[in-house]
Protein chains: 2
Amino acid sequence: MADKDALSMQDDAMRDDALAGRRASSGTHIGFPMGSGAGVTLTDVARAAGVGESTASRVLRSHGSFSSKTRASVLEAAARLGYVPNRIAGTLASTGSKLVGIIVPSLANIVFPDLLRGANSVLGKAGFQSVIGVTDYDLVGEEALISSLLSWRPAGLLVAGLEHTPRADAMLRGAGIRIIEMLDTDGAGIDMVVGFSNRDAGRAAARHLIARGYRRIGYVGHDLALDLRAAKRFEGFRAALAEAGLQVAGQMIAPVPSSIAAGREALDRILHETPDLDAVYFSNDDMAIGGYFLCLSRGIGIPDRLALFGHNGLEVARCAPQPLSTIRTPRVEVGEASARLISSDGPPSIVTLDFELIEGATT
Amino acid sequence: MADKDALSMQDDAMRDDALAGRRASSGTHIGFPMGSGAGVTLTDVARAAGVGESTASRVLRSHGSFSSKTRASVLEAAARLGYVPNRIAGTLASTGSKLVGIIVPSLANIVFPDLLRGANSVLGKAGFQSVIGVTDYDLVGEEALISSLLSWRPAGLLVAGLEHTPRADAMLRGAGIRIIEMLDTDGAGIDMVVGFSNRDAGRAAARHLIARGYRRIGYVGHDLALDLRAAKRFEGFRAALAEAGLQVAGQMIAPVPSSIAAGREALDRILHETPDLDAVYFSNDDMAIGGYFLCLSRGIGIPDRLALFGHNGLEVARCAPQPLSTIRTPRVEVGEASARLISSDGPPSIVTLDFELIEGATT
DNA sequence: CTGAAAGCGCTAACAT
DNA sequence: ATGTTAGCGCTTTCAG
């Protein structure tokens with residue numbers, strides 16, 4: 001690979017002017033074309049600056065003491081040679097790495113990019129790099145990812161959800177680093193837990209619908225075997241209905257990941273099966289927006305003929321002509337708070353961030 | 001850090017049963033609690049299996065030759081000790097790493113998670129880990145990220161866009177690794193380029209509107225100084241209008257990132273300033289959906305009174321009661337194709353993936 | 001304030 | 001088929 005790259009890079013170098021001042025090379029590294037700063041090592045910089053390696057290292061990390069004179073010459077040499085530190089070597093030599101692993105089930109649902117966004121912004125400011133892994137909602141895949149990420153010796157690991165395979169659980173416990181489980185507080189955590197109770201969110205949704213006077217309430221969801229948090233919401237939802245002497249008047253579960261199209265189709269089907277529903281609780285806003293679009297298309301009056309309730313508080317739900325009644329979840333905040341915990345000491349703990357019920361125009 | 005972690009992990013170990021079989025420790029590594037597999041090294045495994053380090057290494061990577069007998073004992077020892085390979089050390093010792101850097105401007109717009117998703121799925125299958133960086137549409141931030149990612153000695157770098165600061169450009173050229181610039185083919189690339197022409201997409205949108213008979217065409221966009229690709233679309237759009245002897249009949253540019261709310265508000269304002277528009281081209285689907293929602297709220301007839309055209313082909317746009325006329329961009333495919341190029345040899349080249357104009361119900 | 005030297009854990013020749 | 005031996009590039013004592 002290196003040689004091939006060198007080849008293609010040489011082409012690039014030909015049409016390049018910006019490199020003029022950086023042609024120096026250590027000469028001890030084959031496989032890199034002239035003009036590449038990638039082969040320059042700390043030793044090269046130290047030599048060029050006429051100082052020892054350790055001094056150069058101290059200067060470059062502004063750690064320890066050195067004269068401003070040496071400082072200048074080291075910095076100059078580094079700049080002139082186009083030195084790029086090798087954090088792989090640095091990490092191996094020192095104790096801890098500046099890598100943080102983040103594992104999410106999916107990137108197709110904006111919820112997880114939001115989570116990543118929050119985490120990454122805080123991590124970046126603290127000098128960490130995020131290494132991501134996507135499980136596709138597969139716990140076995142998660143196990144493989146955990147082991148793979150752990151092999152990079154990250155400073156910590158952020159994982160969505162509390163459920164893991166036994167082996168994954170053991171690896172996380174034995175890793176010797178901070179583990180943050182996110183977005184769910186309904187269950188036991190391994191180390192730190194940051195999120196909210198999905199069960200409570202489902203409960204809140206049910207209570208809201210009941211308070212509004214709805215009694216023939218249906219549920220439209222997506223694959224619950226995969227999305228465990230959606231399953232917990234549904235569970236809380238049914239529990240609250242039961243407390244009010246009610247039960248789900250009909251349900252339709254699309255055996256696919258959540259999507260607008262799936263929500264639209266599932267609502268269509270449940271309305272065929274159970275035409276007299278007066279309200280529907282959706283597994284999330286994507287599904288709910290699909291339902292909303294169906295109602296718009298069919299001229300089904302909202303909320304008089306049918307009420308809709310979602311989950312997440314996505315922008316599209318809040319900006320719709322009739323803002324969707326839903327629950328805003330603190331996704332970005334969970335990411336941020338989780339990232340902050342990476343560098344914390346202290347015992348395992350649970351951080352609960354509140355969700356907020358949004359009374360839209362669809363209930 | 002390590003000590004604090006060790007401390008908190010000890011708490012965990014206490015409430016842990018799954019680790020029972022993995023309590024062995026090398027004993028040579030302080031800072032890790034008993035029961036942690038994180039301190040076990042290849043040396044430990046080799047010793048426990050009664051073989052040399054290199055033999056253990058060969059077995060664990062199934063590379064080279066060894067008897068099935070040694071294989072078994074090494075694997076057994078590794079499993080028993082809870083060995084987790086240290087890829088940091090492995091990377092330093094071998095030539096190339098299995099990390100790939102991916103730099104995107106944002107995670108707030110689903111376009112980039114889509115890109116990441118495509119790239120990550122291909123990279124994962126090839127044994128690579130994605131290290132991500134988010135620039136927040138800031139070229140200087142991108143420069144910092146590039147240098148930071150390069151310090152992890154990635155096998156390659158995927159970057160969104162062709163525009164970089166001079167220093168960033170120089171670093172990319174000198175990196176000696178495969179550089180893939182994504183989502184834009186309107187300009188010169190550094191190494192590999194994978195994407196489509198945003199200028200052509202803008203052109204196609206204009207031609208479509210003209211062919212449909214619209215003549216008073218406005219533009220509603222978001223911060224173009226930041227979103228260079230949206231700017232190129234607008235440029236192509238105006239060029240095509242000009243070729244037809246037309247020009248933009250009004251424009252409204254929200255000085256913020258694109259969003260549904262921004263699109264809604266911007267359309268509202270442009271309709272005040274220029275009430276006689278018969279069509280509007282939006283900088284992307286998020287903005288366009290905002291416009292669509294405004295029309296729905298206001299009872300503005302679509303497409304008779306006003307036609308709407310977006311860009312990206314998001315699900316929400318395609319599933320709306322009136323599917324939005326837009327251009328579907330191959331975001332996931334760009335990510336996939338880009339990831340495949342990481343391991344390719346061959347000279348710098350450009351891969352163009354086609355976009356597709358979707359004739360919805362809003363034009 | 002600075003330099004020399006000893007590794008970090010692993011891979012990759014090179015022997016055997 | 002397996003063991004021995006150098007490093008990879010950097011950080012970190014430990015002397016001076």
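Naming convention: chains lettered A, B, ... in sequence-line order (proteins, then strands); numbering from 1 in each chain.
More than 12 heavy atoms of other residues, nucleotides or ligands shown are found within 6.0 angstrom of CZ on A/R61.
Here the CG atom belonging to A/L92 is positioned 9.0 Å from the CD1 atom belonging to A/I88, to the nearest 0.5 angstrom.
Taking each heavy atom of B/E336 and B/G118 in turn, the nearest pair found is CG-O, 3.5 Å. Closest of all the heavy-atom pairs between A/S106 and A/V134 is CA-CG1, 3.8 Å.
Residue order along DNA chain C, read from the 5' end via each residue's closest nucleotide, puts A/G64 first among A/G64 and B/G90.
B/I88 has its CD1 atom 13 Å from the P atom of C/dT11, to the nearest Å. The separation between B/L42 atom CG and D/dT4 atom C1' is 14 Å, rounded to whole Å. Rounded to an integer number of Å, the gap from CG of B/N86 to P of C/dT11 is 9 Å. Taking atom CG on A/L81 and atom P on D/dG9, their separation rounds to 15 Å, with Å as the unit. Look at CG on B/D44: it is 11 Å from P on C/dC8, rounded to the nearest Å. The distance between atom CG of B/L92 and atom C1' of D/dC8, rounded to the nearest whole Å, is 4 Å. Remark: C1' of C/dG3 and CZ of A/R47 are 15 Å apart, rounded to the nearest angstrom. As a whole-Å value, the separation of A/L60 CG from C/dT2 P is 14 Å.
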Give each protein N/O atom lying under 3.5 Å from an N/O atom of nucleotides 12-16 of chain C, with the pair distance.
from, atom 1, to, atom 2, distance (Å)
C/dA12, OP2, B/R61, NH1, 3.2

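Using modelled atom types, no side-chain atom of B/D138 and backbone atom of B/T135 make a donor-acceptor pair closer than 3.5 Å.
Here the options are A/L162, A/L157, A/L172, the test is side chain to side chain contact (heavy atoms under 4.5 Å, CB included), and the partner is A/I190; only A/L172 passes. Only one option out of B/L149, B/V104, B/L116 pairs with B/I132 in a side chain to side chain contact (heavy atoms under 4.5 Å, CB included); it is B/L116.
Within the nucleic acid shown, B/T91 has no heavy atom closer than 4.0 Å to any nucleic acid atom. In this structure, B/S65 reaches the bases: a heavy-atom distance under 4.0 Å links it to at least one base atom across the strands shown.
For the OP1/OP2 pair of D/dG9 and a distance below 4.0 Å, the side-chain nitrogens and oxygens of A/T43 include no atom meeting the criterion.
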